[in-house]
Amino acid sequence: MSSESQRMEKIVSLCKRRGFIFQADEIYGGLNGVWDYGPLGVELKRNLKDYWWRVMVRERDDVVGLDGAILTHRAALKASGHEDTFSDPMVDCRTCKVRLRADQLPEKNGVPQCPNCGGKDLTEARPFNLMFSTQMGASADPDSIAYLRPETAQSIFVQFKNVLDTSRKKLPFGIAQIGKAFRNEINPRNYIFRSREFEQMELEYFCRPEQGAELLEYWKNERLRFYENIGLPNEKLHVLTVPEADRAFYSKGTYDIEYDFPFGRQELEGVAYRTDYDLTQHQKASGKPLDYFDEETKQRFIPHVIEPSAGVDRTVLALLCEAFAEETVTDEKGKSETRTVLRFHPRIAPIKVGVFPLLKNQPALVEKARQVQALLRPLMNVFYDETGAIGRRYRRQDEAGTPFCLTIDFESLGERDAALRDTVTLRHRDSMEQERVAIAELPARLLLAIA
Ligand code: ATP
């Protein structure tokens with residue numbers, strides 16, 4: 001097994017052992033391509049989404065948010081082209097009967113073969129629509145079909161006029177959304193990289209046609225900066241200019257932002273210049289105007305749109321892969337051991353700070369530790385732990401990716417040196433260095449580090 005696949009196995013096993021990610025419906029044998037996020041995973045995911053929302057919506061004057069429904073009118077996804085063309089080419093292996101994506105088959109001497117059994121007897125490729133449909137209401141006729149949305153973008157286009165009229169934004173401006181999307185992927189794989197239920201973070205940034213090309217570059221650069229700001233280094237991020245033949249016919253330019261995963265270089269996000277395609281389609285199909293009136297030029301036109309569309313789960317996986325490290329350290333007794341650590345950027349780390357009384361049977365230490373916990377808890381995710389040796393408590397937090405730990409010891413009570421009363425030991429995850437910090441300084445100090 002290659003060292004990269006070993007690394008991936010270790011990450012998957014740590015994620016299960018520490019409560020980041022579980023197979024959905026595991027006790028019933030698992031639901032293929034569907035995952036649940038455990039106590040640490042949900043915090044990590046939430047921090048990622050919160051940071052995206054902060055920089056893409058709250059810190060900008062030109063973007064507003066939307067939280068659209070998952071259930072989607074069939075007509076909307078007919079108009080967008082999804083009902084007719086949102087498909088992947090599928091083949092069956094006649095030897096072992098598995099279903100495969102025709103465009104992802106490994107080849108041997110130029111001949112595609114089944115990755116499962118190595119067989120070469122494959123059926124012709126045929127399109128397989130990736131949308132999940134469901135029935136609305138009690139009758140089961142074709143008119144009752146609704147879809148689970150395959151992307152969050154369409155509700156943004158469908159609600160364009162309502163958002164424009166109520167927010168009174170002027171071009172260029174954007175509408176952002178984070179939410180679930182569903183695709184009946186033929187081969188869900190690579191852990192949470194390709195799943196059937198996932199979350200997207202999408203921005204539709206509307207502009208005048210002549211601004212489109214420049215804004216495509218602008219958003220590509222903004223998005224690269226975002227990934228660096230959550231701890232994915234520049235040298236592991238790559239921008240692929242999608243060739244015209246591989247782009248949607250309406251796209252005037254698409255970049256894929258890719259990351260070097262242990263299983264290869266793969267897409268995290270697409271930044272696409274979709275022209276006026278979506279709004280035009282919905283205007284035609286619904287008969288309702290979705291145009292924009294420019295007060296200055298007195299012109300009416302359908303805006304163009306740039307779409308940075310990112311996957312929450314794929315980014316979570318990139319963050320886990322980037323953070324995972326094993327290193328050899330020497331303990332107090334001179335014995336060397338392996339330290340497993342998740343080096344998350346503090347702003348996305350699930351737990352920000354661990355709070356430990358040195359000994360659990362000393363009420364004065366416990367009381368002060370509880371006070372520190374109560375001081376910090378409204379500001380950030382704090383984990384209180386009083387069990388086991390202090391070194392073991394540090395290691396547990398290293399594995400969870402907690403950037404800071406605080407130990408409340410006898411010095412904190414001022415018993416030996418009054419000058420140290422109400423100070424604690426602050427231990428740093430990456431350097432393992434320790435320093436003495438006044439409790440009163442902790443909120444400002446830690447808030448700055450996790451902002
Ligand atoms: P791929 O080619 O990998 O199937 P795509 O190009 O079809 O992806 P888009 O339709 O551009 O993907 O969706 C935007 C983003 O949504 C992707 O960059 C990815 O981060 C995320 N995404 C899409 N499909 C999945 C999936 N099945 N599982 C997890 N995330 C996904």
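We count ligands from 1, going down the list as the structure has it; atoms in each ligand are counted the same way.
- Distance from atom 29 (C) of ligand 1 to its nearest protein heavy atom, with residue and atom name: F193 O, 3.1 Å.
- Taking R101 as the reference, D88, D103, E185 meet the salt bridge (charged side-chain N to carboxylate O under 4.0 Å, His left out) condition, with sequence neighbours excluded.
- With F226 as the aromatic partner, R223 meets the cation-pi criteria of under 6.0 angstrom to the ring centre and within 45 degrees of the ring axis.
- Ligand 1 has no N or O atom lying under 3.5 Å from any N or O atom of F198, backbone or side chain.
- Q200 NE2, 3.2 Å is the protein heavy atom nearest to atom 16 (O) of ligand 1.
- Remark: minimum distance from atom 4 (O) of ligand 1 to any protein heavy atom is reached at R194 NH1, 2.7 Å.
- Taking the six-membered ring where the residue is Trp, Y277 and Y250 present parallel rings, their angle staying beneath 30° rather than reaching 60°.
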* Asked: Going through the distances and angles, do K180 and D313 end up as a salt bridge (charged side-chain N to carboxylate O under 4.0 Å, His left out)?
  -> CA-CA 10 Å; K180 291 267 186 179; D313 313 76; over 6 Å; no

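- Remark: distances from the non-hydrogen atoms of R314 to ligand 1 include one below 4.0 Å.
- Annotation for ligand 1: atoms under 4.0 Å from non-hydrogen atoms of E269 are 18 (O).
- In this model, no donor atom of one side chain and acceptor atom of the other lie less than 3.5 Å apart for N129 and H82.
- If you check which protein heavy atom lies closest to atom 28 (N) of ligand 1, you get S195 N, 3.0 Å.
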* To do: Could you walk me through whether W219 and Y255 pass side-chain contact (heavy atoms from CB on, under 4.5 Å), step by step?
  => CA-CA 10 Å; W219 279 111; Y255 293 118; over 6 Å; no

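- With a heavy-atom cut-off of 4.0 Å, L268 touches ligand 1 through its backbone alone.
- When R101, Q104, E267 are ranked by how near their heavy atoms come to atom 17 (C) of ligand 1, first place goes to E267.
- Backbone and side-chain nitrogen or oxygen atoms of I192 are examined, and none is located within less than 3.5 angstrom of a nitrogen or oxygen of ligand 1.
- Between F261 and F193, the angle of the ring planes goes over 60°, which puts this pair in the perpendicular group of the 30/60° scheme.
- Scanning the protein heavy atoms around atom 23 (C) of ligand 1, the nearest turns out to be R183 NH1, 3.4 Å.
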* To do: Take R392 and D385 through the salt bridge (charged side-chain N to carboxylate O under 4.0 Å, His left out) test and state the conclusion after the steps.
  => CA-CA 11 Å; R392 280 190 56 80; D385 187 2; over 6 Å; no

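- Side-chain contact, S155 with Q177: a donor N or O sits under 3.5 Å from an acceptor N or O.
- For ligand 1, the atoms closer than 4.0 angstrom to any heavy atom of G311 are 20 (O), 21 (C).
- Of the protein's non-hydrogen atoms, the one nearest atom 14 (C) of ligand 1 is S309 OG, 3.0 Å.
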